[in-house]
Undergrad: 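Sharing a structure with you now.
A note on names: the letters A, B, ... follow the listed sequences, proteins ahead of strands, and every chain is numbered from 1. Heavy-atom basis, side chains included; hydrogens, waters and symmetry copies ignored.
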There are 2 protein chains.
Amino acid sequence: MRPETLERRRAILRAATEVFGSKGYANGTLLDIADQVDMTHAGILHHFGSKDQLLVEVLRYRDESDVENLEQKHIPGGIELFRHLVRTAFANARRAAIVQAYVVLSAESVTDGHPAREYFEDRYRTLRDEVAEAFREVCAERGITAEDRIGHAAACILAVMDGLQVQWLLEPGKVELAETTEYAIEAIMTSVLEPRESPLGPISA
Amino acid sequence: MRPETLERRRAILRAATEVFGSKGYANGTLLDIADQVDMTHAGILHHFGSKDQLLVEVLRYRDESDVENLEQKHIPGGIELFRHLVRTAFANARRAAIVQAYVVLSAESVTDGHPAREYFEDRYRTLRDEVAEAFREVCAERGITAEDRIGHAAACILAVMDGLQVQWLLEPGKVELAETTEYAIEAIMTSVLEPRESPLGPISA
DNA sequence: GCCATGTTGCTGACAGAACAGTAACCTAAC
DNA sequence: GTTAGGTTACTGTTCTGTCAGCAACATGGC
């Protein structure tokens with residue numbers, strides 16, 4: 001494969017990220033993408049075979065470029081993972097297009113027969129495991145056990161990051177993505193490391 | 001308007017909720033909906049004018065039926081609001097179709113020119129205000145002030161509920177929607193009512 | 001109580017556009 | 001001279017929306 005060809009494909013992937021992000025996968029078209037890279041839609045199909053396949057490669061490509069930006073070339077563990085998540089939130093606040101792509105595609109993926117469903121299932125499973133593992137490390141350092149809380153807390157951390165992105169995309173002026181994410185992560189970490197009585201009391205049906 | 005007509009329209013709205021939920025708005029078609037109520041797609045357009053308009057009415061209809069189920073006919077305040085949110089999460093764990101509709105549509109609404117965008121902007125703004133107000137009530141009862149934290153916490157509570165729904169829809173067996181939501185709400189409430197030092201420490205860029 | 005007249009709730013057929021994918025062909029690079 | 005990177009042209013499908021017409025129902029005059 002020629003290096004120019006590789007760069008051409010990367011350009012297509014970047015354009016596809018933007019189109020799927022701004023219009024959704026179902027609503028974004030190959031023509032939209034083709035226009036951005038001065039091609040016909042048939043040219044894109046020549047490179048990627050089908051629209052479904054293109055989406056899969058868009059997601060893979062984004063994962064790769066994420067890892068490239070990480071100097072150590074792999075996600076840190078322990079407390080550093082949580083700091084990394086906060087830093088990611090600050091970085092995300094400056095790249096709405098990519099955030100939008102992830103928000104739209106991850107939600108769309110829960111629909112029947114969506115080509116990215118498996119990707120997102122894997123992704124969340126992996127991330128939950130990594131966050132849970134980081135919690136275990138931090139707990140061990142402090143001589144605490146909190147296994148039951150850790151499972152919930154790991155899912156919560158990912159959830160709050162995603163949910164804040166939706167609100168932020170809808171009204172960027174009304175929600176501070178990064179600062180609020182930081183607040184949430186601190187709150188959830190504290191609930192694991194220094195648990196307290198529930199302020200809710202018993203809840204009747 | 002005849003009562004049978006009204007019931008017919010409600011049937012269409014229910015069918016539309018299911019279709020938009022399971023396939024998304026862009027990908028779900030009027031024919032899908034028409035089939036479920038034994039009509040032609042032209043019949044649906046006769047009642048609702050356009051697909052966009054139908055979506056708007058689907059969302060309105062769902063809000064109405066939500067309020068009907070609430071005995072006091074309006075959302076409670078203070079600590080009762082938080083209990084209500086937890087109860088809603090338990091109820092949601094038994095109606096994946098409606099949850100899916102909300103997840104898919106709210107995320108899709110951030111795309112350019114989406115007909116439900118205004119609806120969701122309003123919705124989140126209103127909900128954040130209500131949660132913030134409930135926080136203020138609870139703080140007042142306890143003689144605390146936490147105005148700066150409240151803004152963040154209100155957004156976080158909505159965010160974590162939404163985010164957990166996505167993970168739960170993707171792998172219902174791996175995420176306990178209701179219990180995890182309860183855990184998150186308790187954690188965030190505690191962070192407002194009994195704040196502690198951040199476990200993260202300073203974060204370097 | 002009954003007919004005339006509008007109104008409502010559809011259907012069937014069609015227009016018009018958009019879209020994914022295919023096939024044949026060209027051209028330039030290796 | 002064979003392969004890779006495209007284009008043009010076309011196919012078949014799908015989908016929203018429009019329009020004319022029709023049957024059932026409602027309503028007011030008698």
Undergrad: What parts of residues 107-114 of chain B reach DNA chain D, counting only heavy atoms under 4.0 Å away?
TA: none
Undergrad: Under the ring pair (Phe, Tyr, Trp, His ring centres under 6.0 Å) test, which residues partner Tyr119(B), sequence neighbours left out?
TA: none
Undergrad: Does anything in residues 7-37 of chain B pair up under ring-ring contact (aromatic ring centres under 6.0 Å, His included), and if so which pairs, sequence neighbours excluded?
TA: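 Qualifying pairs, neighbours excluded: Phe20(B)-Tyr25(B), Tyr25(B)-His114(B).
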Undergrad: Output all residues satisfying side-chain hydrogen bond (donor to acceptor under 3.5 Å, both in side chains) with Arg60(B), sequence neighbours left out; order by chain, then residue number.
TA: none
Undergrad: Base contacts versus sugar-phosphate-only contacts with protein, heavy atoms under 4.0 Å: please encode nucleotides 2-18 of chain D as B, S and - from 5' to 3'.
TA: ---BBBB------SBBB
Undergrad: Would you indicate whether Glu118(A), at its atom CD, is surrounded by more than 12 heavy atoms from other residues, nucleotides or ligands within a distance under 6.0 Å?
TA: no
Undergrad: Lys23(A): which residues meet the side-chain hydrogen bond (donor to acceptor under 3.5 Å, both in side chains) condition with it, sequence neighbours left out?
TA: Asp32(A)
Undergrad: Report the residues that fulfil ring pair (Phe, Tyr, Trp, His ring centres under 6.0 Å) with Phe48(A), sequence neighbours left out, ordered by chain and then residue number.
TA: none
Undergrad: Taking only residues two or more places apart in sequence or in another chain, which ones pass salt bridge (charged side-chain N to carboxylate O under 4.0 Å, His left out) with Glu141(B)?
TA: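 Partners of Glu141(B) by the salt bridge (charged side-chain N to carboxylate O under 4.0 Å, His left out) criterion come out as none, since no residue qualifies.
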Undergrad: Return the set of residues passing ring pair (Phe, Tyr, Trp, His ring centres under 6.0 Å) with Tyr102(A) (not counting sequence neighbours), or none when no residue passes.
TA: Phe120(A)
Undergrad: Heavy atoms of chain B, cut-off under 4.0 Å: which first and last nucleotide of DNA chain C, 5' to 3', fall inside that, if you could look?
TA: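 Contacts span dG9(C) to dG12(C), reading 5' to 3'.
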Undergrad: Hey, could you give me each pair passing side chain to side chain donor-acceptor pair (under 3.5 Å) that has a residue in residues 37-48 of chain A? Not counting sequence neighbours.
TA: Arg9(A)-His47(A)
Undergrad: Which residue pairs pass the side chain to side chain donor-acceptor pair (under 3.5 Å) test with at least one member in residues 12-22 of chain B, sequence neighbours excluded?
TA: Glu7(B)-Arg14(B), Arg14(B)-Tyr61(B)
